[in-house]
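Note on naming: letters A, B, ... go to the chains in the order of the sequence lines (proteins, then strands), and numbering restarts at 1 for each one. The figures here come from the full heavy-atom set of this structure, side chains too, leaving out hydrogens, waters and symmetry mates.
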Amino acid sequence: MLDPKLLRESPDLVRAAIQKKHLEVDIDAVLSVDAAWRSRLHDVETLRSRQKAANNEMVALKKGSPEFIAKVGEMKAVSAEVKQREAELAEIETAWRQAMLSLPNLPHSSVPEGRTPEQNAVFSSHGNIDALSPVAKAHWEIPGFDHLFDFGRGAKVTGAGFPFYVGDGARLVRALLNFFLEEAAAAGYLEVSPPILVNAASATATGQLPDKEGQMYETAVDHLYAVPTAEVPLTNFFRDEILAEESLPVHRCAYTPCFRREAGSYGKDVRGLNRLHQFDKVELLKWVHPSQSYVELDLLRDDAERLLRKLELPYRVLLMCGGDLGFAQAKKYDLEVWAAGQKRWLEVSSCSNFEAFQARRAQIRYRSRETGKPELVHTLNGSGLAVPRVLAAILENNLQPDGSVRIPTALVRFFGRDHLRFPA
RNA sequence: GGAGAGGUGGCAGAGUGGUCGAAUGCGCACGCUUGGAAAGCGUGUGUAGGGCAACCUACCGAGGGUUCGAAUCCCUCCCUCUCCGCCA
């Protein structure tokens, strides 16, 4: 949510910023709802003030006296009007809230212009993609793949996009998760294991609701949502709280399975481990002082990049252009790893600064030493990292002529062996 | 899931229809006192919205209702605690 005051005082600034995201938003409509809401609020407050004054007068009167009875009669009319006006106000308030929730976050000034993914800026590149395995194959074409990553039985048991990981497949997933979590802890992130079902208030605070409920799995009876990312429960940890300024920045990490309905994708994009309905991910999260959020964003990105460097995977960093930024982000970097078999980049991390957008929805604040008043924190998060695509890149890039896969050195102590062999 | 108790400001805890945004205590901040400190005394100390100044309004778990008037009465829901049941 945006600051309503900013919208009122600088609507043109908001208009221009949203234009950079190439989203269609009717600012004038929002402004007119805002004006209507304020006007109705004034009406109701004036009436309530009269009620209060009358109440104070009646206290001094003798109950049942003619003056008292006259006053009751007089205030009955006011009471009826208050009721009606309050109902109107409630209606406008709902519309006002909806209108405010429909406004996206404003992009930071350093975000490049652009409308499509092709216009994202390549921020940096690391590693040599030409020096990779000459025998590289798309991971799903590696002989024996189906034994360690059983999509057929997953489809039987649940549906497409819910694979079983079997034997060394499962072990490799676990090794990666442990590696990610150990690295995050070493970088100063406190590990948290959150609930993986969340309520509507939590999903609203992080920006999944309203409008994106179609991308989440929802439970039928209790109307809870399966988390699309640990960002949701983790960000909401401090919902409606005021933190001590000294406690900032707060750095935390969490592993959860992530659930995404992802309607509308098909073809090569969704083959193998490229895109799943359920996958494992470690998420890094920060709550920071507003003055530090862009410094913290660079550090966050570096924490994610370090994982790829240690896994010896070639990767590049994209700085997302305005049109490819998400609804809630002010600035975002994507980390893409090279998959030598598919000869394509796979997104494995997304590091974003949300500034106060989520914090305002979630009411996460800190008490300013300077003013003594509560101020909104800035929230940031980044994947560190998503397992299946990292796994895919390792399988493809490290495939050996004998059909085995070399395990990256950093991962060996978690996997237990230096090579993965597929069953015949 | 069943029975009971309860949810009030940073914490504890009063308040059962009207002058209650809410006593009191603790905590915290500032001041007085002191060589310094403690004690003592005094003052202050929630959040949000509107005007953006005085001021006004809202908030006593959430939502609805009764009433001229609700922290207080009624209904629904949520949560916590105790006991029982079930269970990894």
Practice task
Look at the side chain of A:K52 against the base of B:G69 and say whether a donor-acceptor pair falls under 3.5 Å; ignore hydrogens and angles.
Solution key: no
Problem - Distance, rounded to the nearest Å, where A:I242 contributes CD1 and B:G9 contributes P - result: 13 Å
Problem - A:S79 side-chain N/O to B:C68 phosphate OP1/OP2 under 4.0 Å - result: no
Practice task
Indicate whether any N or O donor in one side chain lies under 3.5 Å from an N or O acceptor in the other, for A:K281 and A:T229.
Solution key: yes
Practice task
Please check the phosphate of B:U66 (OP1 and OP2 only) for any side-chain N or O of A:K83 closer than 4.0 Å.
Solution key: yes
Practice task
Could you give the distance separating B:A48 and B:G21 at their C1' atoms, to the nearest angstrom?
Solution key: 13 Å
Completion exercise
Pairing partner of B:C55, by Watson-Crick or G-U wobble and under 3.5 Å for both distances, is B:G50
Problem - Interatomic distance where NZ belongs to A:K5 and C1' belongs to B:A48 [whole Å] - result: 10 Å
Practice task
For B:G63, give its Watson-Crick or G-U wobble partner with both distances under 3.5 Å, or none.
Solution key: B:C75
Practice task
For B:U82 versus B:G46, give the span between their C1' atoms, rounded off to a whole number of Å.
Solution key: 32 Å
Problem - Base-pairing assignment for B:C32 (Watson-Crick or G-U wobble, both under 3.5 Å) - result: B:G40
Practice task
Please check the phosphate of B:U57 (OP1 and OP2 only) for any side-chain N or O of A:T46 closer than 4.0 Å.
Solution key: no
Fill in the blank from the handout: RNA chain B nearest-nucleotide lookup for A:R38 and A:S49: closer to the 5′ end is A:R38
Exercise for the section: Tell me whether the OP1 or OP2 atom of B:U47 has a side-chain N or O from A:R367 closer than 4.0 Å. Expected result: yes
Handout entry: For A:Y255 against A:D280, the heavy-atom pair lying closest together
Key = OH-OD1, 2.7 Å
Handout entry: Rounded C1' spacing from B:C81 to B:G61 in Å
Key = 15 Å
Problem - Pairing partner (Watson-Crick or G-U wobble, both distances under 3.5 angstrom) of B:A23 - result: none
Problem - P atoms of B:C30 and B:A54, separation to the nearest Å - result: 25 Å
Practice task
For B:G25 versus B:G44, give the span between their P atoms, rounded off to a whole number of Å.
Solution key: 14 Å
Practice task
Counting heavy atoms from C-beta on, name the nucleotide in B:G51, B:U47, B:A58 closest to the side chain of A:P374.
Solution key: B:U47
Exercise for the section: Please say which of A:E396, A:R389, A:R271 ends up in a side-chain hydrogen bond (donor to acceptor under 3.5 Å, both in side chains) with A:H139. Expected result: A:E396
Completion exercise
Result for 5'-nearest mapping on RNA chain B, choosing between A:V72 and A:H42, is A:H42
Exercise for the section: Starting from P on B:U19, measure out to CZ on A:F68 and report it in whole angstrom. Expected result: 12 Å
Exercise for the section: From the options A:L318, A:L346, A:V348, select the one residue that forms a side-chain contact (heavy atoms from CB on, under 4.5 Å) with A:E336. Expected result: A:L318
Handout entry: Separation of B:G21 P from A:N55 CG (nearest whole Å)
Key = 9 Å
Problem - Atom-to-atom span, CD of A:Q51 to C1' of B:A58 - whole angstrom - result: 13 Å
Practice task
Tell me what A:W96 touches on the nucleic acid: a base, only sugar-phosphate, or nothing, going by heavy atoms under 4.0 Å.
Solution key: nothing
Fill in the blank from the handout: Pairing partner of B:A5, by Watson-Crick or G-U wobble and under 3.5 Å for both distances, is B:U80
Handout entry: Spacing of the P atoms in B:G15 and B:C86 (rounded, Å)
Key = 40 Å
Exercise for the section: Measure from CZ on A:R8 to P on B:G51 and round the result to the nearest Å. Expected result: 6 Å
Handout entry: Integer angstrom distance from the C1' of B:G10 to that of B:C28
Key = 9 Å
Handout entry: Sugar-phosphate, base or nothing in reach of A:R365, heavy atoms under 4.0 Å
Key = sugar-phosphate
Problem - Any side-chain heavy-atom pair of A:V390 and A:V337 under 4.5 Å - result: no
Practice task
Return yes if a side-chain donor-acceptor contact under 3.5 Å exists between A:Y315 and A:E305, otherwise no.
Solution key: yes
Exercise for the section: Taking atom C1' in both B:G42 and B:C52, compute the distance separating them and give it to the nearest angstrom. Expected result: 33 Å
Exercise for the section: Check whether any side-chain N or O of A:R48 sits under 4.0 Å from OP1 or OP2 of B:C56, and answer yes or no. Expected result: no
Exercise for the section: Indicate yes or no: does A:E246 engage A:R369 in a salt bridge with an N to O separation below 4.0 Å. Expected result: yes
Handout entry: Side-chain N or O of A:K76 closer than 4.0 Å to phosphate OP1/OP2 of B:C68
Key = yes
Problem - B:A70: pairing nucleotide in any strand, Watson-Crick or G-U under 3.5 angstrom - result: none
Practice task
State whether a side-chain donor-acceptor pair under 3.5 Å links A:H251 with A:E296.
Solution key: yes
Handout entry: d(CG, A:N56; P, B:C56) in whole Å
Key = 11 Å
Handout entry: A:M75 CE - B:A70 P separation (whole Å)
Key = 11 Å
